[in-house]
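Here the structure comes first, spelled out in structure tokens, and everything after it is commentary.
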Amino acid sequence: MNSSTQAPVLQIRSIGMDDLDTITALLRGFGYPTTLNVMKERLEVVQNDPDCCTLVAEVDGQTAGMIELRQVISYCKNQDSVAEITAIIVEESLRGTGLGRRLMAAGEEWARSKKCKQIYLCSGNRVERAPAHAFYRHLGFDQNGYRFCKSLL
């Protein structure tokens, strides 16, 4: 970061291959086991899918957070398009600085550009997720259901 006399420079931009090391580390630090090779394969798929978007937050030239979204067409929503946030991660030392809010706003902009009528996300119900849940509520998200999962392995 810059000295205390200069504000940090923040940029929200599309993810690139140069971000792989940092994004892989962020995901691992958040409890999602992955490797650089797996992330490279995923990024190549996502970058070629017009219904997916991954944005990164760069602070003073260093990648410090990400948001991943996808557009979903649903029979349940009267064929309206909705956006799902599949990942939102901010480097731990920068949480509470407004970075997550900026990433979420950029994600909402992308969803609006895709004509989505709603945006949603799923989150675990572990105690350590309580601060994230409070953050989502603060941004206007309502909790309105449960997520049920079943392994197909």
Side-chain angles (χ1 to χ4, degrees), residues 1-2 7-75 77 80-136 139 141 145-153:
M1 292 227 178
N2 292 334
V9 177
L10 171 65
Q11 179 184 9
I12 306 286
R13 58 171 175 77
S14 293
I15 194 171
M17 287 295 175
D18 291 345
D19 298 305
L20 280 178
D21 286 330
T22 307
I23 295 304
T24 302
L26 279 172
L27 286 163
R28 282 186 193 150
F30 209 66
Y32 298 112
T34 191
T35 67
L36 200 54
N37 287 336
V38 167
M39 288 302 296
K40 183 178 184 288
E41 290 174 10
R42 289 178 185 169
L43 180 55
E44 288 169 349
V45 169
V46 169
Q47 283 184 322
N48 292 312
D49 186 339
D51 294 331
C52 293
C53 172
T54 305
L55 303 170
V56 295
E58 191 177 90
V59 178
D60 290 338
Q62 299 295 316
T63 303
M66 69 168 288
I67 186 169
E68 179 186 21
L69 307 103
R70 68 185 181 110
Q71 184 179 18
V72 179
I73 305 297
S74 172
Y75 290 113
K77 301 288 183 189
D80 285 340
S81 176
V82 298
E84 178 185 15
I85 298 168
T86 56
I88 171 80
I89 301 173
V90 172
E91 183 181 307
E92 192 168 358
S93 67
L94 293 171
R95 291 182 191 153
T97 65
L99 201 58
R101 178 188 309 270
R102 294 279 302 273
L103 281 165
M104 294 289 269
E108 288 180 20
E109 268 183 53
W110 177 83
R112 284 186 191 96
S113 78
K114 301 293 278 182
K115 308 291 189 236
C116 295
K117 306 290 187 220
Q118 184 182 56
I119 192 166
Y120 73 95
L121 58 89
C122 295
S123 181
N125 59 359
R126 300 180 316 272
V127 172
E128 61 269 18
R129 299 294 298 143
H133 298 167
F135 171 68
Y136 304 143
L139 294 180
F141 285 78
Y146 297 95
R147 179 175 72 174
F148 296 88
C149 299
K150 178 180 179 180
S151 176
L152 299 177
L153 301 177

Checklist outcome for this item: Sequence neighbours excluded, the answer for salt bridge (Lys or Arg N to Asp or Glu O under 4.0 Å) partners of Glu128 is Arg126

Item to check | Any donor-acceptor pair under 3.5 Å from Lys114 side chain to Ser81 backbone | outcome: no

Item to check | Non-neighbouring partners of Ser93 that pass side-chain hydrogen bond (donor to acceptor under 3.5 Å, both in side chains), sequence neighbours left out | outcome: Glu91

Item to check | Flag, side chain of Asn48 to backbone of Val45, donor-acceptor distance under 3.5 Å | outcome: no

Please list every donor-acceptor pair under 3.5 Å in which a side-chain atom of residues 26-35 meets a protein atom from a residue at least two apart or in another chain.
unit_1, atom_1, unit_2, atom_2, d
Arg28, NE, Thr34, O, 2.8
Arg28, NH2, Thr34, O, 3.2
Thr35, OG1, Val38, N, 3.1

Checklist entry - Checking His133 side chain against Val127 main chain: does a donor-acceptor pair fall under 3.5 Å? => result no

Checklist entry - What are the two closest heavy atoms between Tyr136 and Ile88, and how far apart are they? => result OH-CG2, 3.6 Å

Item to check | Residues in side-chain hydrogen bond (donor to acceptor under 3.5 Å, both in side chains) contact with Thr22, at least two apart in sequence or another chain | outcome: none

Checklist entry - Is Gln11 atom CD crowded by more than 12 heavy atoms from other residues, nucleotides or ligands, each under 6.0 Å away? => result yes

Output side-chain donor-acceptor pairs under 3.5 Å for residues 51-59, partner residues at least two apart or in another chain, one line each.
unit_1, atom_1, unit_2, atom_2, d
Glu58, OE2, Arg13, NE, 2.9
Glu58, OE2, Arg13, NH2, 2.8

N/O donor-acceptor pairs under 3.5 Å from side chains in residues 94-111, not counting sequence neighbours:
unit_1, atom_1, unit_2, atom_2, d
Arg95, NE, Val90, O, 2.8
Arg95, NH2, Val90, O, 3.0
Thr97, OG1, Leu94, O, 2.6
Arg101, NH2, His138, NE2, 3.3

Item to check | Side chain proximity check, Leu69 to Thr86, heavy atoms < 4.5 angstrom | outcome: no

Next on the checklist: Can you tell me how far apart OG1 (Thr63) and CG (Asp21) are? Round to the nearest 0.5 Å.
Outcome noted: 10.0 Å

Checklist entry - Hey, does Tyr120 have a side-chain heavy atom less than 4.5 Å from the side chain of Ile85? => result no

Item to check | Test side-chain hydrogen bond (donor to acceptor under 3.5 Å, both in side chains) applied to Glu84 and Gln71, Gln118, Arg70, the passing residue | outcome: Arg70

Checklist entry - Less than 4.5 Å apart, any side-chain heavy atom of Leu43 and any of Lys40? => result no

